[in-house]
Amino acid sequence: MTNAAWLILSFAIGQGSIFLAQTWLIHRGALDLLAAFATHFSFAILALMIVDFGAPVVVARRISLAGDGEVLDVARRCYWQASAVRLGVALVLSVAAFIYAWIGGDGFSRAYIPAAVPALLISAFNAAGVFDGLGLSGISGLTGMLAYIASAIALVVTGAQSADAGVILGVALSVGYGIAVVAQLVVLWRLGCPMRLVSVSVADCGAIAREGLSVLLAILPGQLSFRFQIVVCAAVLGQAGVGLFVYGRQIAAAASQVLEFVRRAHFPGMVRALQQIGTLRAGFAAQQLATLLAIALTLGLMLVGGGCFLLLTDAFAQSGLVVALFSVGVMTGALSQTLGQAAQGLGRFRVVALAAVLAMLIGFAASAGLGALLGLAGLAMAEVVTHVVGALVIWASVFRRVDALKTLRVSA
């Protein structure tokens with residue numbers, strides 16, 4: 001519970017600072033800067049997620065299953081194996097980012113991307129998975145918020161004088177991640193778990209990469225779906241509409257992220273519980289708090305978003321509509337993610353990845369079709385469809401037979 005509280009607090013401070021800075025831009029009418037930053041920051045976070053390559057889940061699971069006398073050794077080896085893999089991914093993405101910036105990017109892209117690329121290389125050495133495996137996930141949350149705070153401060157500064165906005169915002173992201181990674185390593189050293197350099201083999205890195213890829217493929221489709229919604233929104237509502245969509249959508253996304261932090265804090269316990277009883281009921285029992293919070297947050301967002309739409313005017317009213325429409329997705333997404341996490345706890349990474357990819361493809365089609373027909377309401381409906389498809393595939397592939405056998409034993 002303490003870890004979940006720290007994760008939620010750090011996210012509230014970090015993401016909240018971004019939200020307040022964007023609110024200030026809306027108040028000033030700087031919708032062009034808001035749209036440019038929101039789009040680039042969103043894709044930068046996506047790139048950082050790809051660099052992470054599913055390592056936090058893989059490393060945390062391995063440390064959770066290690067014996068008492070092996071924890072430090074397993075943590076150290078897993079950290080450097082994961083770092084080697086992530087550094088390779090970061091280098092590839094960095095080259096791709098530079099090529100895009102100079103060939104297909106606009107003025108803001110050519111300024112922001114080169115300044116933000118160091119964040120990709122630095123984040124390859126983050127220790128979030130080690131903290132999660134040691135039951136100290138709150139610490140990774142506290143350090144992770146630094147990049148958001150730095151970006152928020154830079155956004156306020158550039159909002160007053162936006163001539164060098166791209167460079168300032170990109171540098172802020174890189175500096176924030178640099179401070180975060182250094183802070184993580186210092187904390188581990190002070191805790192008696194220093195990440196001293198150890199040799200790693202190609203075979204061990206390959207094993208980490210294979211498991212991490214499966215985890216990434218389970219996480220990435222949902223993130224790509226959101227970015228695809230931005231593209232559809234730009235086509236339907238224009239650039240100003242993108243800024244308002246992202247501004248309102250991030251509130252619903254923040255609720256989902258809070259639930260993810262709660263699930264993440266309870267993941268080691270879920271893994272151990274599923275080793276004893278590998279049923280869906282056991283998975284949801286371990287994540288009972290996350291499920292109850294999902295219900296509360298969904299209802300709260302419906303009321304607050306609907307109230308803002310009815311009582312406020314102009315941009316803030318439209319943002320309230322976005323929050324109300326996407327609140328249902330918080331609940332359906334929470335149920336789908338708990339199913340996926342339970343399957344990952346059982347080591348069924350490929351099934352979760354397959355379900356996520358299938359759900360993404362159907363979500364793309366639904367977003368394009370429903371978004372063109374119904375606008376924001378269509379995008380919200382498409383998101384729910386994506387969650388339902390992913391949940392059904394995971395349940396049918398992993399838990400249907402286990403739960404059926406359990407029911408038969410109880411009946412007998």
Q) Which atoms form the tightest heavy-atom contact between Ala343 and Val398, and what is the distance? A) CB-CG2, 4.2 Å

Q | Shortest non-hydrogen separation from Ser94 to Leu121 and the atoms involved | A | OG-CD2, 3.7 Å

(Q) Around atom CZ of Arg350, are there more than 12 heavy atoms from other residues, nucleotides or ligands closer than 6.0 Å? (A) no

Q) Given Leu46 and Leu224, is the side chain to side chain contact (heavy atoms under 4.5 Å, CB included) satisfied, shown in steps? A) CA-CA 8 Å; Leu46 175 64; Leu224 291 176; 3.9 Å; yes

Q. Where the side chain of Ser10 meets the backbone of Leu7, is there a donor-acceptor pair that is under 3.5 Å apart?
A. yes

Q. For Tyr148, does its backbone N or O pair with a side-chain atom of Ser151 as donor and acceptor, under 3.5 Å?
A. no

Q.
Keeping Arg86 on the side-chain end and Asn126 on the backbone end, is there a donor-acceptor pair under 3.5 Å?
A. yes

Q. Just by modelled atom types, is the Phe349 backbone N or O under 3.5 Å from a matching donor or acceptor in the Ser214 side chain?
A. no

Q. Got a donor-acceptor contact below 3.5 angstrom from the Trp80 side chain to the Arg196 backbone?
A. yes

Q: Answer yes or no: is there a side-chain heavy-atom contact under 4.5 Å between Ile18 and Phe37?
A: yes

**Q.** Short side-chain donor-acceptor distance under 3.5 Å, Ser42 and Arg227
**A.** yes

Q. Does Ser123 reach the main-chain N or O of Leu120 with its side chain, forming a donor-acceptor pair under 3.5 Å?
A. yes

**Q.** Close side-chain approach of Val304 and Val323, heavy atoms under 4.5 Å
**A.** no

Q: Would you sort out whether Val167 and Tyr112 count as a side chain to side chain contact (heavy atoms under 4.5 Å, CB included), showing the intermediate values?
A: CA-CA 5 Å; Val167 174; Tyr112 183 88; over 6 Å; no

Q) Can a salt bridge be assigned to the pair Arg77 and Asp73 using a cut-off of 4.0 Å between side-chain N and carboxylate O? A) yes

Q) Counting only N and O atoms by type, is there a donor-acceptor contact under 3.5 Å from the side chain of Gln287 to the main-chain atoms of Arg263? A) yes

Q.
Check Arg61 with Glu211, please: is the shortest side-chain N to carboxylate O separation under 4.0 Å?
A. no

Listing, residues 354-383 side-chain donor-acceptor contacts under 3.5 Å, not counting sequence neighbours, or none:
from: Ser367; atom 1: OG; to: Gly363; atom 2: O; distance (Å): 2.9
from: Glu383; atom 1: OE2; to: Arg249; atom 2: NH2; distance (Å): 2.2

Q: Report the residues that fulfil ring-ring contact (aromatic ring centres under 6.0 Å, His included) with Tyr177, sequence neighbours left out, ordered by chain and then residue number.
A: none

Q. Is there a donor-acceptor contact under 3.5 Å from the side chain of Ser327 to the main chain of Leu299?
A. no

Q) Heavy atoms, side chains only, cut-off 4.5 Å: are Gln229 and Phe326 in contact? A) yes

(Q) Within the 3.5 Å criterion, strictly below it, is a donor on His387 or Thr332 matched to an acceptor on the partner's side chain? (A) yes

Q) Counting N and O atoms only, with roles assigned by atom type, does the side chain of Thr338 sit under 3.5 Å from a partner on the main chain of Leu335, one being a donor and the other an acceptor? A) no

Q: Give the intermediate values and the outcome of side chain to side chain contact (heavy atoms under 4.5 Å, CB included) for residues Phe43 and Ile113.
A: CA-CA 10 Å; Phe43 278 93; Ile113 291 175; over 6 Å; no

Q) Step by step, would you call Phe53 with Leu213 a side chain to side chain contact (heavy atoms under 4.5 Å, CB included)? A) CA-CA 6 Å; Phe53 216 69; Leu213 178 60; 3.8 Å; yes

Q. So which heavy atom on Val330 is nearest to which on Ala252, and how close?
A. CG2-O, 3.6 Å

Q) Which atoms form the tightest heavy-atom contact between Val89 and Val51, and what is the distance? A) CG1-CA, 4.0 Å

Q: Please report the shortest heavy-atom distance between Ala282 and Leu274, naming the atom on each side.
A: CB-CD2, 4.2 Å

Q) Looking only at heavy atoms, what is the nearest atom pair of Ala150 and Gly176, with distance? A) CB-CA, 4.3 Å

Q | Spatial distance of atom CD (Glu260) from atom CZ (Phe11) [nearest 0.5 Å] | A | 10.5 Å

Q: Keeping the roles fixed (side chain from Thr143, backbone from Ile139), state whether a donor-acceptor pair exists under 3.5 Å.
A: yes

